[in-house]
Structures are given as C-alpha cells and as structure tokens.
Amino acid sequence: MKIDFSFSREERLKNFTAIRSLFTSGRALNHYPFRIIWLPLEGVQSVFPVQVAISVPRKKFPRAVDRNRIKRLIREAYRLHKHELYQALAGETQCYAIMIMYVDKSLPVYAAVEPQISKALNRLGKKIVAASAPNDSDGKV
RNA sequence: GCUGUAAAAAACACUAUCGCGGCUCCGAAAGGAGAUGAGGAAAGUCCGGACAACACAGAGCACCACACCAUCUAACGGAUGGGCUGCAGUCUGGGAACGGCCUGCAGACAGCAAGUGUCACAGAAAACAGACUUCCGGCCACAAGCCGGUAAAGGUGAAAACGUGCGGUAAGAGCGCACGCGCUGGUAUGGCAACAUAUCUUCGGACAAACCUUGUGGGUUGAAAUGCCAUGUACAUUCUGAGUCCCGCUUGCGGGAGCCGGGCUGCUCGUUCGGUGAGCUUGAAUCGUCAGAAGGGGUAGGCAGAUAGAGCCAUUCAGUGAUGAAUGGCCUAGAUAGAUGAUAGUAUUUCCCUUUUGGGAAAAACAGAAUCCGGCUUAUUUUUUACAGCUAUU
RNA sequence: GCCAAUGUAGCUCAGGGGCAGAGCACUUCCAUGGUAAGGAAGGGGUCAUGGGUUCAAUUCCCAUCAUUGGCU
C-alpha cells in the first residue's frame, strides 16, 4: 500500500465548539517540546481518524514570522509521520481531535523537530488505544 | 581611508522529490496536467482618500484639525519651487552701534499694535513703571536728616523699558538731531503672491506648543461596514403606542416626576428592569430605538463587497521641479482556524584554509498580505553616485 | 482588524511651568530580658525614550517604545 503524504483540509480541525471543548475537557500528553491535547469527537463521520490543529503561543513568540515558521515546521513533520498514528488507530471507530502546542521558548530547527514529532505521535497512538479499549461504552470524559 | 547627509538599485536564482492556496484545462467521478503565489517596509495605525451604511432642507453656537506664498494632487498635516528668519564658516564695509556677498544646516513661520493672564528666586523696581547706592537742586553754617528732580552709572536677574555719537541740562532723559536695529500704516517701483527696494509716518519687554482672536476645513461610524441566498425564536415587512418635563453639578453624567412595555401579584398600590434620541438649540421630518400584534418555524453556512487598479513598465513631449499628457506593451497573491513549506543538488556571492587544482562554512538584516490606494514615521543588510567634514601619503 | 488609557522611589500612587513628594518597604539608633508594635534619624529617582517651545519642562507640543483595557 502506498503511503499518502498529503495534508488536506478535512484533516484540519476547524470547528470552534470542538476546539473549545478540547481545551475544557481534553486529555493531555507532554512530550517536550510539545504538549498534545486530544479528545474523541462525537457524531463526526470522516475518512480520516483524526483532525489536527497546531498552536504556538503569542506570549513566547511575539513576532508573526516566528509563529508561522514554527507552525510550518510542525505541520511538515506531522505530514511525513502521520501514517504511524493512522496505523495505530486503524481499529478505532471514532474520530479524534488533536491539538499540538509548542511550549519551548527558542526557535527550533527542522532536524530536531522531525524525530520528536515521530516519537510523540507513537506515544499518542498507544495512549489513545489504551484509553478506549477497556471501556468503549463510557469513554466520554 | 573614515564619518555624516541626500538620492538610486537589490533583498536571491535554477533543478528534482514530497506537500499547501486559489486559477485555467482534461475527466462521469476519483484524480491528473499547466502556469502562478508576501514586503520595502506587508509594521506602527500617525494623516488623507476611495467605498459602504446611517436622523444629513437650512441656520446659529460648541468641539476638533490646520496656519509664510505659489504650484502639484482624488485628497492630505504629504511633495516641489520660492520668500523670510535663525545658527555656523570664509571674505568684507563702518569711528561705533551695526551691516553686506557666498556656502552649508535648521525652522509648528497667522495675530501679544484686539482683550485677559503669567513672568518663580534674586533685585529698589518685572510692566498705567520704579529711587537702594550714586548724581543734582532746596531747607540747613556744614554734616546727618527731610523734601523734590533724574533713569545717565552701580549691582540683581533669563529679561531692566531701543543702540552708538553729538547737542542739551542744575543733574539727566528719544528731550532734540544724525546714523543704526526692530516694527505699524500709507505711497511708488518690481513680483501671480509671500516679499524686496525707496520714501513718509506711528511705536519700542517676553510668552499664543497660556486662555484666546482671525482665516480655512470637518456630519458620524468603519469591510467584524454593507447587500444577497440558504437557514429560520436571532430576520425583514405591515399596523398600533411611547417618544414629555424638572433639578443638580463634576458638563456628560447623576437624581426625580410622568408616559410606554415586561417581571413580582387574583386586582390596585408598591417595587424592579428596559426605553424615553445624532455635542447643544431652533426648524423640518416621523426614517432610528423600545414595547405589542400579524407573518414565517431549528442552524450559525455560502456568495458578493474582494483584487484590472487615482495599476505597473518603456519611450517621447510640456514644466526649474513635484507632476501632467500621448503612444506602445503587460496582468502581477487573494487566504478565511487563515496558503506561499521541507529535503537533496547545481550555479552565484561572501568568508576561512591551501602554491594552484581543490576543500569547508553561510544564504543572512528588519521582518509575513487580510477591503484597497496615496503619504508620513519607525526597524534594517549590501552596493553605487553626489555633496560636506576629518586624517594620512605622493 | 478598529478604538481608548497609562508610564514618577523596591511596591501602591500624588504632584500639571519655578529646589520632586506621601504611605508601605529598606538601613541605623532609642526603647525591651528578647521580638513585634511604637519613637527618632537616614538612604534610595535617567520623572519610559528622543527631539522641540520657553529664561526655565516631570508638567506644554510632536514622534517613538512598552504596558493595560474595550469593541467583536
């Protein structure tokens, strides 16, 4: 099977209410220099198992150039490694919302970002499977 | 060679793989192909417009902005040219006060001769003047003291009531004269004008980035404006009612009464909430707002605004110039949880090592469109040109 | 995106042209067996930054920087 490296609009998290509930009742995973929060989405039918959003805090990077740079690097790394997460979630029926936040204070380089994203996505996949496997009925938070 | 000012140019190119945005083409669809995709400041939001909506007939007051003149411009607080003033430098005129030519830099540059106000400390006195020490006269034998005159000298201060010289006088004083500085009004000449020159005349502290006066301009709100489709408690249409008055000061708020509607209540009283108007007044209007009635009955999406424009490039002409006109060519981001990225290589540039070949490193500084334009301001890398200053060598 | 306000001592704030202040905090001394409270004395300032107006600027004007708030 050929691996799809594309990153289309359906894979991005855009719904305002979903983002709000993600911040109020989402589960967190810290993998320095990232913080990932995730939540199962109810009633969303999609061909993709996750919808992702990327965030960089304005207080740590006041210039828009730096924020755009970091978001593009994270998005590029996610695009090349998302198939690892998709394989881990192949057995899931629900769609998940994920937000990746950058918490370091210094500007990163791509060579350092890529392996960290890969490790973080592998950890996230195992954690989601472990959380939903025992009690599929009351998995809501 | 260095520093400063001004002007101009550039801000990285190509190939491959993977990927993103909108566009065009092919395709029933999935998808595929093609060309294309951040800036000089995209920034600050400091000005000016376009565009849109809304109580814009008109008048007065208030408020805000601007302020030498002319021109440019859609418009401007912007730009260009000119005038005037100040500062610095070279040269120079005069006995002095003070001036002239040239060069460079700077200037929020209408009016204190409309009115009001302020000028600390020091000083005798700080703005219809004024007598501390001097100076002069009188009273007095003289001195001291008292009375009067005087603004020349002293000292204080940021500033002492035009400056120099001569006359004049008891001593003095723009008191008078000549020259000089500033300044009001008139006349003549030159200039579109600001203004300049000559002459007559009035006057002689500063401050309007003090209140203010004069002149000119300004309705308010901003694309999260606004319109359409779908949806439909949120929207628009129709009808009805309210839309009034008083007080206070901190002057744009507060309080009270009345009226309309809702909540509490079976009803009244009462209580509470909302409304009772663009800065104000007058006038016109009854369009905004609030409440009720009628109509429609479950998702917050899509399209337009919104990217061909006061557009860009080249040439010629007009103008000192900003700029304008003509001709020819070009199409050059349009997202909406927000695209423009990653990896590898080549070329180029810079730096380092090396005799060369070659090897290694870096791709930079400021910084990311959000309705669109014209400016201003701020941040910042490199190169070139012109001018000014300094230093060294020939 | 649009619109306002504020920057003064370590902290919270006055002062709005003429020598920069208050409260708390800090230092030293007194007092107490000792500490706190109390009393006395003292130190500490680029008045956010840069220009301008004025004889004189924290104050008036302009620009910049930073912070905070509001509209949605």
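Residue numbering restarts at 1 for every chain, and letters A, B, ... go by the order of the sequence lines.
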Query - Intra- and inter-strand pairs of RNA chain C in dot-bracket (Watson-Crick or G-U wobble, both distances under 3.5 Å; | for another strand) - result: (((((((..((((....[..)))).(((((.......))))).....(((((..]....)))))))))))).

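The partner of G176(B) is C166(B), by the rule that a Watson-Crick or G-U pair needs both atom distances under 3.5 Å. Pairing partner, A11(B): none, since no Watson-Crick or wobble contact has both distances short of 3.5 Å. Across the strands present, A333(B) finds no partner; the criterion is a Watson-Crick or G-U wobble pair with both atom distances under 3.5 angstrom. Both distances falling under 3.5 Å, in either a Watson-Crick or a G-U wobble arrangement, place C239(B) opposite G292(B). Shown here, G104(B) forms a base pair with C87(B); the pair counts as Watson-Crick or G-U wobble because both key distances fall under 3.5 Å.
Looking at heavy-atom distances under 4.0 Å, Ile54(A) makes no contact with the nucleic acid at all. Counting non-hydrogen atoms under 4.0 angstrom, Arg67(A) reaches nothing in the nucleic acid.
Not counting sequence neighbours, the partners of Ala53(A) by the side-chain contact (heavy atoms from CB on, under 4.5 Å) test are Leu13(A), Met99(A). The side-chain hydrogen bond (donor to acceptor under 3.5 Å, both in side chains) check on Arg123(A) picks up His31(A), with sequence neighbours excluded. Listed by chain and number, the residues in a side-chain contact (heavy atoms from CB on, under 4.5 Å) with Leu80(A) are Phe5(A), Glu76(A), Tyr110(A), Glu114(A) (sequence neighbours excluded). Considering only residues two or more places apart in sequence or on other chains, Arg35(A) meets the side-chain contact (heavy atoms from CB on, under 4.5 Å) condition with Ala28(A), Asn30(A), Ile37(A), Met101(A), Val103(A). The side-chain hydrogen bond (donor to acceptor under 3.5 Å, both in side chains) search around Ser118(A) returns Glu84(A), not counting sequence neighbours.
On a pure distance criterion of 3.5 Å, no polar donor-acceptor pair joins the side chain of Arg79(A) and the base of C20(B).
The Leu73(A) side chain lies nearest to A342(B) when the options are A367(B), A342(B), U340(B).
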